[in-house]
There are 2 protein chains.
Amino acid sequence: MANMKEIARMAGVSLGTVSNVINKTANVREPVRQRVLEAVKTVGYQPSQLARGLRRDKTNTIGMIIPDITNPFFPAVVRGAEDVAYSNGYRLILCNTDNDHYKELVHLNELRTYLPTGLIVIPSSLSDLTAQAESYRKSGTGVVCIDRLPRHWSGDTVTVDNAKVAFIATRALLELGHKRLSMITGPLHFTNSQNRLSGFKRALRGAKIQISPDYIQEATFDKQDGYSKAMVLLRMIPRPTAIFAGNDLMALGVLLALRECGLRCPEDISVMGFDDLELAETTNPSLSSVSQPGYQLGTSAARILLDRVNGDEGPARHLVLDTALKIRDSIGPVSRARS
Amino acid sequence: MANMKEIARMAGVSLGTVSNVINKTANVREPVRQRVLEAVKTVGYQPSQLARGLRRDKTNTIGMIIPDITNPFFPAVVRGAEDVAYSNGYRLILCNTDNDHYKELVHLNELRTYLPTGLIVIPSSLSDLTAQAESYRKSGTGVVCIDRLPRHWSGDTVTVDNAKVAFIATRALLELGHKRLSMITGPLHFTNSQNRLSGFKRALRGAKIQISPDYIQEATFDKQDGYSKAMVLLRMIPRPTAIFAGNDLMALGVLLALRECGLRCPEDISVMGFDDLELAETTNPSLSSVSQPGYQLGTSAARILLDRVNGDEGPARHLVLDTALKIRDSIGPVSRARS
DNA sequence: CGCTGACTTTGAAAGCTTTCATTATTTCCA
DNA sequence: TGGAAATAATGAAAGCTTTCAAAGTCAGCG
């Protein structure tokens with residue numbers, strides 16, 4: 001591939017001048033500038049991002065560390081980040097951690113050797129990435145945590161008010177007359193799970209409703225575990241009349257469990273999800289859920305990163321995005337007959 | 001960050017020796033080797049991938065170009081590729097094209113400046129990336145096309161036998177007594193759409209069934225367009241008794257359209273999808289579909305790439321992965337009453 | 001015309017690694 | 001023990017860009 005030296009030769013100028021033309025880092029007289037541009041065009045020259053990165057101590061690259069692209073909530077987030085990145089000339093390096101602390105560390109460590117401009121991280125279980133992140137920030141590399149936060153995190157964040165919207169969703173169930181509400185939470189070492197649970201509890205307290213601790217089950221955010229924990233709940237006596245799942249994947253598992261137990265939704269049991277994945281609309285019955293702006297989570301994070309690159313030295317930003325409750329067919333009034 | 005020079009100084013050896021220890025590129029006497037390793041460990045040295053890439057003319061990076069990570073078929077593919085890449089020390093740079101030829105070109109062009117080891121591409125509409133790909137291959141960069149193929153493509157491929165499995169799926173519908181079969185295809189400039197259609201047609205010919213050309217509708221692989229084209233089909237007289245959608249997203253649109261028209265599935269109309277997305281199980285009714293091994297598509301592509309890096313100079317490989325027909329509730333015998 | 005100050009252009013150095021021709025050291029055998 | 005052959009270690013060069021001090025050019029003014 002053509003290099004700068006060749007352009008310099010073709011245009012009859014020095015390396016420095018070519019660099020100045022390409023990066024607009026200094027004035028170059030118009031005719032000279034034209035000659036350089038011409039040469040660039042003729043050979044289709046593109047600067048080596050490697051050499052540039054090496055010299056500048058930073059590449060046009062953003063590391064994106066997420067749990068698992070295969071979980072339907074994350075693609076939108078990634079896409080959001082990629083869109084903003086792409087339109088500003090950045091590329092995304094994608095890393096899956098499977099919520100594995102070790103894998104997260106490895107990625108965090110190895111990504112550094114590519115000198116990314118910044119990192120967008122959906123942190124994994126128990127991770128205390130402060131040390132790592134500090135070391136990134138020390139070298140001028142921004143780190144934005146999204147969706148959930150690691151312990152002791154003081155940097156930029158983009159999240160959703162999980163507690164508040166969980167409160168609202170729970171209230172919707174309460175207003176339908178439910179008294180025996182249960183929740184299947186995500187892993188409770190994730191801040192988002194914690195907050196959803198606390199919103200749920202706050203709504204119950206507000207309604208002066210006490211539930212058995214067994215009505216709160218912790219699961220791993222996947223369909224399979226949602227199913228298992230639903231089975232546990234369905235066998236309890238008295239049985240809950242509503243199940244709030246910590247995400248839609250688990251809600252899906254709940255629906256499966258209901259079907260298998262010959263229970264009707266929402267007549268026998270109401271189900272509420274969280275995430276509002278596309279599939280929520282097409283389940284049977286369609287799933288009521290909390291809609292999270294995944295795409296914007298990604299775009300906002302990328303924008304913050306770019307702001308930081310462009311010299312924003314302000315205090316840590318904590319963006320909280322809006323959510324909305326989507327009521328569909330999976331929730332209904334508690335049936336007199338059975339309660 | 002620590003660099004090689006520092007290691008060399010700490011271990012009291014030269015740069016070359018450090019390099020030889022790290023890359024095992026030459027014998028180094030054990031005590032010396034230990035000293036170097038020790039130093040590496042003490043300061044947590046990691047070689048700069050940029051400098052290394054610059055020198056070696058290649059980075060541990062794989063460019064992955066796909067239409068849209070937000071389309072639920074692709075995450076599994078990406079994950080497959082990432083898993084194989086990761087466990088061999090490679091990173092994935094993810095690029096979405098939105099099936100936009102121009103964006104594809106831009107990515108293809110710019111990715112080159114990062115000197116990736118290889119490219120995994122799900123080619124976009126009309127793309128004739130032979131020229132680009134040739135230029136990559138000339139510089140020793142492998143390119144593997146998956147899922148669908150560009151015109152005139154002679155390099156490595158990983159696909160699925162779309163025609164065959166579409167034939168089988170269509171046969172399943174025929175065996176249920178359907179005579180008025182229709183198909184909503186994906187964009188017909190994609191080879192996978194073409195092949196699915198040709199399998200469909202072949203099955204019809206085999207059964208000596210003629211259908212109106214209107215029964216074949218071309219759509220854009222998304223739910224919205226599946227819905228619109230289904231509406232077109234449902235207004236036809238006589239109305240088809242079965243609709244084969246070119247992918248599950250469109251099949252979803254078909255189900256929506258049916259619901260809106262007050263038609264029952266499968267009693268009034270049978271629906272067959274393609275992809276077997278996770279949501280196929282949970283739709284109402286659950287969706288019969290062709291199961292494609294998305295994850296393996298990704299892993300296989302990455303493996304071929306790595307083989308090429310490791311010196312496999314053999315002729316182009318054309319891997320064709322297995323598929324399976326998943327029969328669920330959305331197809332049934334044609335109802336006498338209405339036909 | 002000559003000088004000053006402003007603006008352009010130059011080219012060497014630096015950034016970090018790998019490579020390879022050379023030099024140094026060790027080993028082995030006579 | 002001496003010397004040749006084999007094995008190790010060295011360090012300069014190369015890969016491509018950006019940066020910046022220094023050198024060059026130009027216009028304007030006295």
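The sequence lines fix the lettering, A, B, ..., with proteins before strands; numbering per chain opens at 1.
Among the protein residues, A/V28 comes within range of the sugar-phosphate backbone only, with heavy atoms under 4.0 Å from sugar or phosphate atoms but none that close to a base. Contact annotation for B/S48: backbone-only contact, meaning every heavy-atom pair under 4.0 Å involves sugar-phosphate atoms and none involves a base.
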Before giving the answer on salt bridge (Lys or Arg N to Asp or Glu O under 4.0 Å), spell out for A/E110 and B/R91 the whole-Å C-alpha distance, their side-chain angles and the decisive distance to 0.1 Å.
-> CA-CA 10 Å; A/E110 302 198 342; B/R91 310 278 120 171; 2.7 Å; yes
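Residues A/P47 and A/I22 share a closest heavy-atom pair of CG-CG2, 4.4 Å.
Atoms CE (B/M4) and P (C/dT19) sit 11 Å apart, rounded to a whole Å. Straight-line distance from the CD atom of A/E30 to the P atom of D/dC26: 17 Å, rounded to whole Å. Per the geometry, NZ belonging to B/K58 stands 17 Å off C1' belonging to C/dT17, to the nearest Å. In this structure, B/R56 places its CZ atom 13 Å from C1' of C/dC16, rounding to the nearest Å. In this structure, B/N20 places its CG atom 9 Å from C1' of C/dT18, rounding to the nearest Å.
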Could you go through residues 295-305 of chain B and list every donor-acceptor pair under 3.5 Å that involves a side-chain atom there, pairing it with any protein atom two or more places apart or in another chain?
from   : atom 1 : to     : atom 2 : distance (Å)
B/Y295 : OH     : B/D83  : OD2    : 2.5
B/T299 : OG1    : B/Q296 : O      : 3.1
B/S300 : OG     : B/Q296 : O      : 2.6

Can you give me every donor-acceptor pair (side chain of residues 59-66 of chain B, partner residue at least two apart or in another chain, under 3.5 Å) with its distance?
from  : atom 1 : to     : atom 2 : distance (Å)
B/T59 : OG1    : B/Y114 : O      : 3.1
B/T59 : OG1    : B/L115 : O      : 2.9

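Side-chain contact of B/E38 with B/Q34: a donor-acceptor pair under 3.5 Å is absent, judged by distance alone. No donor-acceptor contact under 3.5 angstrom links the side chains of A/T113 and B/S48, judged on distance only.
Rounded to 10 degrees, the angle separating the terminal axes of the helix from C/dC1-D/dG30 to C/dA30-D/dT1 is 60°, with each axis obtained from five end pairs.
Sorted by first and then second residue, the ring-ring contact (aromatic ring centres under 6.0 Å, His included) pairs with a member in residues 58-88 of chain A read A/Y86-B/H107; sequence neighbours excluded.
Using a cutoff of 4.0 Å between basic side-chain nitrogens and carboxylate oxygens, A/D98 and B/R79 are scored as salt-bridged.
In this model, the phosphate group of D/dT10 is approached by a side-chain N or O of B/T17 to a distance below 4.0 Å at OP1 or OP2. Phosphate contact (OP1/OP2 of C/dC16, side-chain N/O of A/Y114, threshold under 4.0 Å): absent. The phosphate of C/dG11 has neither OP1 nor OP2 within less than 4.0 Å of any side-chain N or O from A/S14. In this model, the phosphate group of D/dT18 is approached by a side-chain N or O of A/N23 to a distance below 4.0 Å at OP1 or OP2. Between B/N27 and D/dT7, a side-chain N or O to OP1/OP2 separation shorter than 4.0 Å is absent.
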Distances under 3.5 Å between nitrogen or oxygen atoms of protein and nucleotides 13-15 of chain C:
from   : atom 1 : to    : atom 2 : distance (Å)
C/dA14 : N3     : A/R55 : NH1    : 3.0

N/O contacts under 3.5 Å, protein versus nucleotides 23-28 of chain C?
none

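Annotation: A/D322, atom CG; neighbour count of heavy atoms from other residues, nucleotides and ligands within 6.0 Å does not exceed 12.
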